[in-house]
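Heads up, the thing below is written out as structure tokens.
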Protein chains: 2
Amino acid sequence: MTAASPGDLVAEQLGRLLLRSTRQHLYLRLVAGVDGLDVATYPVLSGLGRLGPTTATHLASVIGVDRSATTRYASKLEAGGLVRRTVDPGDARATRLALTPAGTTALTATRRALSAAMDDVLSGWPAAEAAAFAASLERFTNRLEGMGGVDR
Amino acid sequence: MTAASPGDLVAEQLGRLLLRSTRQHLYLRLVAGVDGLDVATYPVLSGLGRLGPTTATHLASVIGVDRSATTRYASKLEAGGLVRRTVDPGDARATRLALTPAGTTALTATRRALSAAMDDVLSGWPAAEAAAFAASLERFTNRLEGMGGVDR
DNA sequence: TATTGTTATACTCTATAACTATA
DNA sequence: TATAGTTATAGAGTATAACAATA
């Protein structure tokens, strides 16, 4: 028996984080009270916030669902006034998805809620550990992405 | 404009980790080649490994799906010879779910694959940073669980 | 009466395939 | 011919409700 490597420890925790219960609880809390937003459409809203205005195909690859689901969720958000469609200036085949002001407001609210929850989780940590963890986590996520585990 | 707090940074990375693409890529890689195991039944197998023999109701609460789905996935794994059902000694209503030797073997294989992937992600990190990250991540997950974001 | 496991049913999420328009 | 978006359809995944057995 060898001692648990950092990889073993990280593997176990990542397994717990990726459980359905984790995202369900978290997403439900985030979208609660935001009109026109639900667990399925949240990644679309969030992805648009991260990418800025972009096409459905690109957004689909980033959030990990295919074009057809992405365009349907975008329609749902559009119906709720959170997303706007415009023709891509450079390619008439493509549609440019973008947040409306209401969409930006909704996204800001969910981000604030998530950040507050994370601040809560990190409360009581030594400032140095919290900062180091945040930096390492970003490094970790970027590396995962590079390996194909997380899309950009 | 204030600087991004650790909570802001962690929130952003957690959002990326919880995307469908992350778990889909990871889970697909883990269950590939393991007979009788798929993305839906993997949490059941993994949960049984973490908890040891337990009831469907308890397992369901841990993996974040309800009793009926858990029992159906358990049946699938049982059909594949990875899980065994026995009557709970202390309560004849309850069924004790447990891994078979084949189930343990399959779980070991997936764990090894995940740990190897994590070692790969952490390769090139200073040993101190990797160890600190692993420890902080465990602390983080435990705190999330305590807030209801992750079930035990 | 309450709880466990299970099954029947329905609903949600998502992918595949087909269609239209543009490149 | 290839690609973007969309829509129609089908298939997973999951929850709700109802049942039988036991507490």
Side-chain angles (χ1 to χ4, degrees), chain A residues 18-25 27-28 31 36-48 51 53-80 83-98 151, chain B residues 18-25 27-28 31 36-48 51 53-80 83-98 151:
Chain A
L18 294 187
L19 283 176
R20 177 187 168 79
S21 48
T22 306
R23 65 177 181 284
Q24 211 67 2
H25 284 144
Y27 281 12
L28 280 175
V31 304
L37 195 60
D38 57 40
V39 173
T41 52
Y42 169 70
V44 172
L45 190 81
S46 172
L48 280 179
L51 298 175
T54 187
T55 65
T57 299
H58 181 212
L59 179 59
S61 77
V62 168
I63 64 177
V65 297
D66 86 338
R67 291 187 299 166
S68 74
T70 302
T71 194
R72 211 165 329 101
Y73 295 150
S75 297
K76 209 166 163 185
L77 291 173
E78 190 182 29
V83 158
R84 175 179 44 208
R85 279 183 164 96
T86 57
V87 179
D88 189 305
D91 185 342
R93 292 172 305 182
T95 298
R96 204 163 196 64
L97 296 173
D151 282 321
Chain B
L18 294 186
L19 283 176
R20 176 186 169 80
S21 47
T22 305
R23 66 177 180 285
Q24 209 68 2
H25 283 144
Y27 281 11
L28 280 175
V31 304
L37 194 61
D38 57 40
V39 173
T41 53
Y42 169 70
V44 172
L45 189 82
S46 172
L48 280 178
L51 298 175
T54 188
T55 65
T57 298
H58 182 212
L59 180 58
S61 78
V62 168
I63 64 177
V65 298
D66 86 338
R67 291 186 298 167
S68 74
T70 301
T71 195
R72 212 165 328 101
Y73 295 151
S75 297
K76 211 166 163 183
L77 291 173
E78 190 182 28
V83 159
R84 175 178 46 208
R85 279 184 165 96
T86 58
V87 178
D88 189 306
D91 185 342
R93 292 172 305 180
T95 298
R96 204 160 196 64
L97 297 172
D151 282 320

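These numbers were taken from a predicted model, which means no experiment stands behind them. Proteins get letters first, then strands, A, B, ... in listed order; numbering begins at 1 in each. Just so it is clear, the values below take in all heavy atoms, side chains as well, and ignore hydrogens, waters and symmetry mates.
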Subject >> Evaluation steps, side chain to side chain donor-acceptor pair (under 3.5 Å), between S21(B) and H25(B) >> reply: CA-CA 6 Å; S21(B) 47; H25(B) 283 144; 5.2 Å; no
Original post:
Residues in salt bridge (Lys or Arg N to Asp or Glu O under 4.0 Å) with D66(A), at least two apart?
Top reply: none
**OP:** Would you mind reading off the distance between R96(B) atom CZ and dT22(D) atom C1', rounded to a whole angstrom?
**Re:** 17 Å
Original post:
Atom CD of Q24(B) to atom C1' of dG13(D): distance rounded to whole Å?
Top reply: 11 Å
Original post:
For DNA chain C, which nucleotides open and close the run of contacts to chain A, 5' to 3', at under 4.0 angstrom from a non-hydrogen atom?
Top reply: dC13(C) to dA23(C)
**OP:** Specify the residue among S75(B) and G90(A) whose closest nucleotide of DNA chain C lies further upstream toward the 5′ end.
**Re:** S75(B)
Original post:
Within the side chain of T54(A), is there an N or O that forms a donor-acceptor pair under 3.5 Å with the backbone of L51(A)?
Top reply: no
**OP:** Tell me which residues in residues 37-47 of chain B put a heavy atom below 4.0 Å from DNA chain C, sorted by number, or none.
**Re:** none
Subject >> Validation row: T95(A), T86(A) side chains within 4.5 angstrom (heavy atoms) >> reply: no
Original post:
Which residues satisfy the side chain to side chain contact (heavy atoms under 4.5 Å, CB included) test with T41(A), sequence neighbours excluded?
Top reply: L37(A), D38(A), Y73(A), K76(A), L77(A)
Original post:
Taking the side chain from R23(A) and the backbone from L18(B), do they hold a donor-acceptor pair closer than 3.5 Å?
Top reply: no
Original post:
Excluding sequence neighbours, so at least two apart, what forms ring pair (Phe, Tyr, Trp, His ring centres under 6.0 Å) with Y42(A)?
Top reply: Y27(A)
**OP:** Just call it for D91(A): base, sugar-phosphate, or nothing, with non-hydrogen atoms closer than 4.0 Å on any strand.
**Re:** sugar-phosphate
Subject >> Set of side-chain hydrogen bond (donor to acceptor under 3.5 Å, both in side chains) partners for T57(A), sequence neighbours left out >> reply: none
Original post:
Is the side chain of T71(B) donor-acceptor paired with the backbone N or O of S68(B) at a distance under 3.5 Å, no angle test?
Top reply: no
**OP:** Taking the side chain as every heavy atom from C-beta outward, state whether I63(B) and T70(B) have any atom pair closer than 4.5 Å.
**Re:** yes
Original post:
Which pairs count as salt bridge (Lys or Arg N to Asp or Glu O under 4.0 Å) when at least one residue sits in residues 83-92 of chain A, sequence neighbours excluded?
Top reply: E78(A)-R85(A), D88(A)-R96(A), D91(A)-R93(A)
Original post:
What is the per-nucleotide protein-contact pattern of nucleotides 15-20 of chain D, from the 5' end, where B denotes a base atom under 4.0 Å from a protein heavy atom, S denotes such proximity for sugar-phosphate atoms only, and - denotes neither?
Top reply: BB----
Subject >> Candidate nucleotides dT6(D), dT14(D), dA4(D), ranked by approach to the side chain of T55(A) - the nearest >> reply: dA4(D)
**OP:** Please work out if T57(B) contacts a base, only the sugar-phosphate, or nothing of the nucleic acid, heavy-atom cut-off 4.0 Å.
**Re:** sugar-phosphate
Subject >> the helix from dT1(C)-dA23(D) to dA23(C)-dT1(D): angle between end helix axes, five pairs per end, rounded to 10 degrees >> reply: 0°
Subject >> Note, L59(B) side chain near L97(B) side chain (heavy atom, < 4.5 Å) >> reply: yes
Original post:
Would you say L19(B) and P43(A) make side-chain contact, with heavy atoms under 4.5 Å?
Top reply: yes
Subject >> d(CD1, I63(B); P, dG13(D)) in whole Å >> reply: 13 Å
Original post:
Between dG5(D) atom C1' and E78(A) atom CD, what is the distance in whole Å?
Top reply: 12 Å
